[in-house]
Trainee: 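What follows is a single structure, and I will ask about it in a moment.
No hydrogens, no waters, no symmetry mates; every other heavy atom, side chains included, goes into these values. By convention in this document, chain letters (A, B, ...) are assigned in the order of the sequence lines, proteins followed by strands, and residues within each chain are numbered from 1.
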2 protein chains.
Amino acid sequence: PDQPVSGAAITKDEARISVQGVPDVPGTSLEIFSRIAAKNISVDMIVQNVGESGKADISFTVPQLDFDAALEAVQEAAKLVGATDVSSDSNVAKVSVVGLGMARQTGVAEKMFRALADAGINIQMITTSEIKISVLVDRDQSQQALRIVHQAFALEKVPTTPIKP
Amino acid sequence: PDQPVSGAAITKDEARISVQGVPDVPGTSLEIFSRIAAKNISVDMIVQNVGESGKADISFTVPQLDFDAALEAVQEAAKLVGATDVSSDSNVAKVSVVGLGMARQTGVAEKMFRALADAGINIQMITTSEIKISVLVDRDQSQQALRIVHQAFALEKVPTTPIKP
Ligand SMILES: C[C@@H](O)[C@H](N)C(=O)O
Ligand SMILES: C[C@@H](O)[C@H](N)C(=O)O
């Protein structure tokens with residue numbers, strides 16, 4: 001379609017927790033997320049990149065309200081699996097572009113990343129699906145990020161049908 | 001909803017490329033994906049976790065057919081941005097669970113990860129959206145991964161309306 005992106009969204013109520021240097025073996029992800037689920041904490045993003053030298057990093061985001069409980073749950077899991085470190089950042093927000101026509105369209109990712117780069121906004125995490133690209137950015141820059149992504153994809157120009165008087 | 005997961009899917013035509021140790025500064029993601037977009041290569045997953053010590057790793061998947069061209073494009077970008085390394089694996093597949101009711105439901109992630117862990121299938125990458133959790137696994141284990149995920153979420157028990165003779 002000529003307009004693969006139909007909208008942009010922001011989620012400001014995010015806090016990021018990362019478990020670093022966990023054994024990249026079956027059971028590790030389960031250990032971490034079963035403990036978070038057991039505390040009835042709702043997780044938004046989950047991001048894991050490929051491991052190196054048998055170790056991987058797993059990050060996820062939760063609502064600010066659940067940050068302390070999630071951090072506690074993760075620290076228990078981190079000890080159990082022998083993680084190297086637990087890090088976190090509660091000053092983050094998720095900014096996304098959404099569109100039914102964007103599947104596998106690298107140009108959409110390029111356009112979004114160009115808009116953020118031109119504004120000097122650092123991309124902390126990236127996660128995608130066929131209909132969505134989400135990035136994690138500094139919360140203080142997130143409103144600006146949303147605005148420039150709107151501009152980049154001409155989303156504010158909402159077509160309107162004139163109402164006859 | 002009582003059944004947050006409505007389906008599972010597999011994409012076997014995947015190859016993974018990772019650019020490691022890239023400067024975690026605005027413009028890096030743009031450099032990589034603009035070069036891939038310029039070659040008209042369609043990217044499926046994009047995964048980036050938070051950086052450490054000013055460096056980050058960015059991974060993405062492409063169809064097998066585009067692997068060589070994508071690797072070439074990435075190697076140029078990697079040199080330009082001063083990446084530490086480029087790694088890749090063309091023996092991978094993406095397995096996903098999908099559902100409109102799964103947003104922020106950590107229990108869904110737990111169930112999916114438990115199924116894979118019990119089968120000894122290693123999760124290489126994780127990416128999520130409100131309606132989908134995708135993992136990258138070894139292609140040789142992917143059919144089994146799809147099957148056990150179907151079982152875990154009772155997806156094979158498709159309700160059917162008997163046709164009157
Ligand atoms: C790192 C973590 O995802 C591990 N590979 C697992 O399968 O649980
Ligand atoms: C690593 C990469 O995503 C970088 N932070 C950027 O904004 O482009």
Side-chain angles (χ1 to χ4, degrees), chain A residues 16 18 20 24-34 36-38 40-52 56-60 62-63 87 89 96 103-107 109-110 113-114 116-136, chain B residues 16 18 20 24-34 36-38 40-52 56-60 62-63 87 89 96 103-107 109-110 113-114 116-136:
Chain A
R16 187 264 306 166
S18 302
Q20 282 146 343
D24 187 12
V25 295
T28 299
S29 288
L30 172 62
E31 189 64 50
I32 292 163
F33 291 99
S34 59
I36 297 163
N40 289 317
I41 293 165
S42 56
V43 165
D44 183 18
M45 296 166 92
I46 300 174
V47 173
Q48 182 206 312
N49 208 333
V50 291
E52 284 173 71
D57 302 333
I58 303 175
S59 296
F60 62 92
V62 294
S87 73
D89 186 349
S96 309
R104 293 168 177 270
Q105 289 210 33
T106 314
E110 174 188 11
F113 299 162
R114 183 179 304 281
L116 295 167
D118 288 350
I121 295 172
N122 199 44
I123 298 166
Q124 300 180 11
M125 293 192 348
I126 304 169
T127 178
T128 60
S129 74
E130 278 80 355
I131 60 170
K132 188 183 250 204
I133 300 173
S134 292
V135 298
L136 200 73
Chain B
R16 187 264 307 165
S18 302
Q20 282 147 342
D24 188 12
V25 296
T28 299
S29 287
L30 172 63
E31 189 65 50
I32 293 163
F33 291 98
S34 58
I36 297 164
N40 290 317
I41 293 166
S42 56
V43 165
D44 183 20
M45 295 165 93
I46 300 173
V47 174
Q48 182 206 312
N49 209 334
V50 292
E52 284 173 71
D57 302 333
I58 302 175
S59 295
F60 61 92
V62 294
S87 73
D89 185 349
S96 309
R104 296 169 176 270
Q105 289 212 31
T106 314
E110 175 189 9
F113 299 162
R114 184 178 303 282
L116 296 167
D118 288 351
I121 295 172
N122 199 45
I123 297 166
Q124 300 179 9
M125 294 193 345
I126 304 169
T127 179
T128 60
S129 75
E130 279 80 355
I131 59 169
K132 188 182 248 201
I133 299 173
S134 292
V135 298
L136 201 72

Trainee: Which bit of B:L136 is near chain A, if near means a heavy-atom gap under 4.5 Å: side chain, backbone, both or neither?
Mentor: neither
Trainee: Does B:Q48 use its side chain to pair, donor to acceptor, with the backbone of A:Q124 at less than 3.5 Å?
Mentor: yes
Trainee: Would you confirm whether B:T106, through its side chain, and A:I41, through its main-chain N or O, come within 3.5 Å as a donor-acceptor pair?
Mentor: yes
Trainee: May I ask you to name which of B:D118, B:D57, B:N49 has the most heavy-atom pairs under 4.5 Å with chain A?
Mentor: B:N49
Trainee: With a 4.5 angstrom heavy-atom cut-off, could you sort out which part of B:S129 is near chain A: side chain, backbone, both or neither?
Mentor: side chain
Trainee: How long is the gap from CZ on B:R16 to CE on B:M125, to the nearest 0.5 Å?
Mentor: 7.5 Å
Trainee: Would you mind checking which part of B:A109 comes under 4.5 Å of any heavy atom in chain A, side chain (CB onward), backbone (N, CA, C, O), both or neither?
Mentor: side chain
Trainee: Which one of B:I123, B:I32, B:V135, B:I36 has the most heavy-atom pairs closer than 4.5 Å to chain A?
Mentor: B:I123
Trainee: Which residue out of B:G107, B:S29, B:S18, B:P63 racks up the most heavy-atom pairs below 4.5 Å with chain A?
Mentor: B:S29
Trainee: What residues form a side-chain hydrogen bond (donor to acceptor under 3.5 Å, both in side chains) with A:E31, not counting sequence neighbours?
Mentor: A:R35
Trainee: Only pairs of heavy atoms separated by less than 4.5 Å count here; which of A:L116, A:T28, A:V47, A:V50 has the most with chain B?
Mentor: A:V50
Trainee: Go through it in stages, so that I can follow the logic: the residues are A:D44 and B:E130, the test is side-chain contact (heavy atoms from CB on, under 4.5 Å), and I'd like the CA-CA distance, side-chain angles, deciding distance and then a yes or no.
Mentor: CA-CA 7 Å; A:D44 183 18; B:E130 279 80 355; 4.0 Å; yes
Trainee: Is B:I46 in contact with chain A via its backbone, its side chain, both, or neither, using a 4.5 Å heavy-atom distance?
Mentor: both
Trainee: When you compare the side chains of B:S134 and B:T127, does any donor N or O come within less than 3.5 Å of an acceptor on the partner?
Mentor: no
